[in-house]
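Each remark here refers to the structure printed beneath this line.
Each chain gets a letter, A, B and so on, in the order the sequences are listed, and its residues count up from 1.
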Amino acid sequence: MGATDLSRLSRRDFLRNGFVFGAGAAGLAAGYAAVPDVFARAVYGGKLDGVMNDRVLVMIQLAGGADGLQTVIPLQDPKLRALRPQLSQAANSALPLDASFGLNRSMRGVKALWDQGKVAIVHGVGYPQPNYSHFDSIRIWETGDPMRRQQDGWLGKTIAANYDSAGHPLVGCACGSSEIPGALRDLDATLSVINGQNTFKFNGADADRAMGVIYNGTPGIYGALFDTSVFSARDTMARLRLAREKYTPRAAYNDNVNLVYSSRNQLASALQLAAQLIISGVGAKILHVTLGGFDTHDQQLARLDSLMGYVDGAISAFHADLAAYGMSDRVLIATWSEFGRRAAETANGGTDHGAAAPMFLIGDTVKGGFYGEAPSLGALDRGGSLKYTVDFRQVYQEILESHLRVDSQEVLGKAFERIPAVRTA
Amino acid sequence: MCAHGKTTAPGGPTRRKVLLTALATGVGVASARILGLRNLDASESLSSLVDTMNMSMATGVAELPDEYDAMFGVPDDSYAAQDFLDASNLPRTKPVALPPVDVRPAVALQLPVSGIASPKLAGDVDWVSPLPKESAKVTHLLRRATFGATEVELDRALSEGFARTVERLIESPFVEPPVFPAPAAPRPSASPSMTPRASASARPSPSASAKPSASAAPSMAAGAASPSPSAPAVLTNTTSINIGNLQGWWLDWMTKSPTPFAERMTLFWHGHFTSDYRKVGTNSPAIYWQNLTWRRMALGDLRSMLLKVTPDLAMLRYLDLAASTGRAPNENYARELLELFTMGVGSYTEDDVKAAAKALAGWRLPMRTEPTAQTGIFDARRAFTGAVTFLGKTGTFNTESVVDTILANDATAPFIVRHLVTSFVTPSPSDTYVARLADRFRRSRYDTKTLMRDIFTSPEFVAPETFRSLIKSPTDFMISAAKALGATNLSGTIRQYGSTLGQNMFDPPSVAGWGEGASWISSNTMLQRANFVTAAIGALRTTPSAARAHERHLDSVLAQGTVNELNLARDDKSRWFAVFASPEFQLK
């Protein structure tokens, strides 16, 4: 974004300068227009000097419970064939990662990144006393709290604690969604949801201007909240316009994928929007995208292959696009799903809800390879699911501490044993 | 809602926090408002305020020192003059090239009133309350006890006055919504709606992108006018329903019901005793039956309510009580019954949860051979037979004695009262106000009708602080706009924007229901609230005259920005846009 010196400005300087620029009733009435954009952008980095960096996190939710054993496939374990007479066929065409594990055959792009040392696979991620409800388990992952006592999302908390989201609503943004995902939710954070960049706009011809007139010095306890929100909306629209000018995709994003069962989401275009926000320097910090359709109770072999092919294509294009702009060293991609699936297959070639599954961390700052211990197919839990070996909050901690470089205990409540999958130097 | 952590805290955003938000963003908004204060050396206080902000932001502490309370605590009576409330000098005719009008901005200082905790920053800069006026009391009541008003409803209530309107709302027997039509050919679903697998899809909401059904509304409108002579096919628990149609059905009835207070209460209980159609079963009629049950019980006594809530089919699935047995008790329902439905966290122990889970076990869902059952079935073989210790009492419990033990606990009445009061009166009720209402509530044997009458007739309900102290939920906002326009064909638009704005019926974000207050407001939602207004106005062939809309729907208490835009508006549609998109209309 070319304003490296300005990025060192503290918020205090911003405020002081804001007052200088905005002095006098006329300037104040003009409000934010009096604040030069360069200052506005300078503070997006963070509230504290230590977290002012150019790192960006992109979380990809694989909603429905993504199967691990058909994604990172055990190649040598005879128990796989016994548990999954049909689904174990996936091992035959897997892309070998080492002697023991192969990647789903549809994931050629991720395999190429693995070969370049840019993919970390964390085995057996889960939490104690697995919850088999989608809703409860999603909430557990979203809040980072297996006890389900927390309301705020772990990403929302991170934003509230570290970044100036009120002034820079794209700090936390859900791309390709119409709702704020639970992981981003926090009462103290301003967040953006951009379903498509074409829908984040005022539909009325005159609405943008009118809202600017109306929301100007609103009284009452919510007055500043209203004014700030409307300002943020108009500001974000302007930034999106700017972003469109500064960005043309340098990779082939393709949502024209034939899925066995279609998912409503457009993963590739959501990631393209994410790339646009990152590349155009509009202050994006933590982005969230979702792909549904992983609840594979039947026909899993073909369904998961096609879904993983879709994921692979979207991630590959996203990484290539960032790399072409010289920004792939700033961005960490991480996948998550509420749970893996049962070790044994069902009669109709599917799987029921399970527990532990692998997580992918992808990016130039990743130290490629396997982390954690793969759960044993010979030591399942009472319900027939894989036992977790890595707490999901260990991975969250690594993302927060080593990639975003923020205090993880403020978000997770305590420290966990490190999974050193991200370079710190 | 008012059960967990941050959202439990009394009060919405404090003035401090809101100011901080604005200051963190840029200085325009907040400081312009501060400069608007009289009796304040603006520049001096601004700079000292900013220094404070700098310090607190540098350390991440979002509190002002106490001396600032005193600084803002200067009452300014001159701003509270009655004539200020009268915006009749706004033009009444179609505003073409209007002369600029001089309406002073609605900024003034107010004194705290007993019964409501004073704001953290005393002497808040706030809207001037018009509530001393009878007509303002009436509109205030209609905004909160119903979903705003049509012109006809407004005229009627204004002629009746506040006290009689309260009585009418509370005493009118509710009108049942039209029967939700069963599909023409009830087909046994391939994956039955009551099986866990069919219901547990975590895929994105079908309603999020689905187009509103064009055919549903008119047929229901016919049903609304008079009970249809040809009775619709009866829904059974093996029938598949379309959840989008069901959402439209309720939104339609909220707009049209002759007894809107019943709909308001039903929505309240839907958020309190909440269930989520996704877990209940996307195509299951159980969530429809729950809606009917909640409406019928809405003003009943709490004991009867809890005995309906516990074996409700949708609830049995939503909180897993149907999966709970004496041998393998599931704690989900027991926990939320105590935590979210009756007592609140901190008033019971984990052992009480375990004990209640055992004591409540035994309910099951109807089997396929029982398709007409609309409630759970108690099976003694699934129940726990031993003794437990629950809330200090040891013995054998069943559902009734669990409920009675909860009702005997001192935490229950204040918990229910606090939730109602924060939804209907103020985000920051004082403990004494809650205690006073709770005492009468308990002595009335937990009669909700008595409680609601007490709430609406309490001085706190019309105290100046309560004016515009609540933020309309998306449903509130959209239904009240539709009613103000007299539009009855907007339920499809409302459903579509409910998804965008974060409030789909039967689809709360969590077991704690919907959030309240500030959580409704974000850049995205303000943008989409404006887009809803554009869509709603655009959907109408003609709009009624907006000449008096600011009097009728905004109490003539207007912010300067709203006045400015009203004066710029060149036709009715632009003026309605300004009214509905205004901050005044987002509040109640």
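The structure places CG of B:Leu554 at 9.0 Å from CZ of B:Phe580, a figure rounded to the nearest 0.5 Å.
Annotation: maximal heavy-atom pairing with chain B below 4.5 Å, among A:Thr236, A:Asp208, A:Ile194, A:Asn203, occurs at A:Asn203. Between chain A and the options B:Arg529, B:Glu584, B:Arg335, heavy-atom pairs under 4.5 Å are most frequent for B:Arg335. Interface remark: of the candidates B:Ile537, B:Thr534, B:Asn531, B:Asn531 forms the most heavy-atom pairs closer than 4.5 Å to chain A. In terms of heavy-atom pairs under 4.5 angstrom with chain B, the leader among A:Ala210, A:Ala207, A:Gly65 is A:Ala210.
Cation-pi geometry between A:Arg342 and A:Tyr132 is met: the NZ or CZ atom falls under 6.0 Å from the ring centre, inside 45° of the normal.
Taking the six-membered ring where the residue is Trp, A:His353 and A:His297 present tilted rings, their angle falling between 30° and 60°. Ring geometry for A:Tyr222 against A:Phe226 counts as perpendicular: the plane angle is over 60°, on a 0 to 90° scale with 30° as the lower cut.
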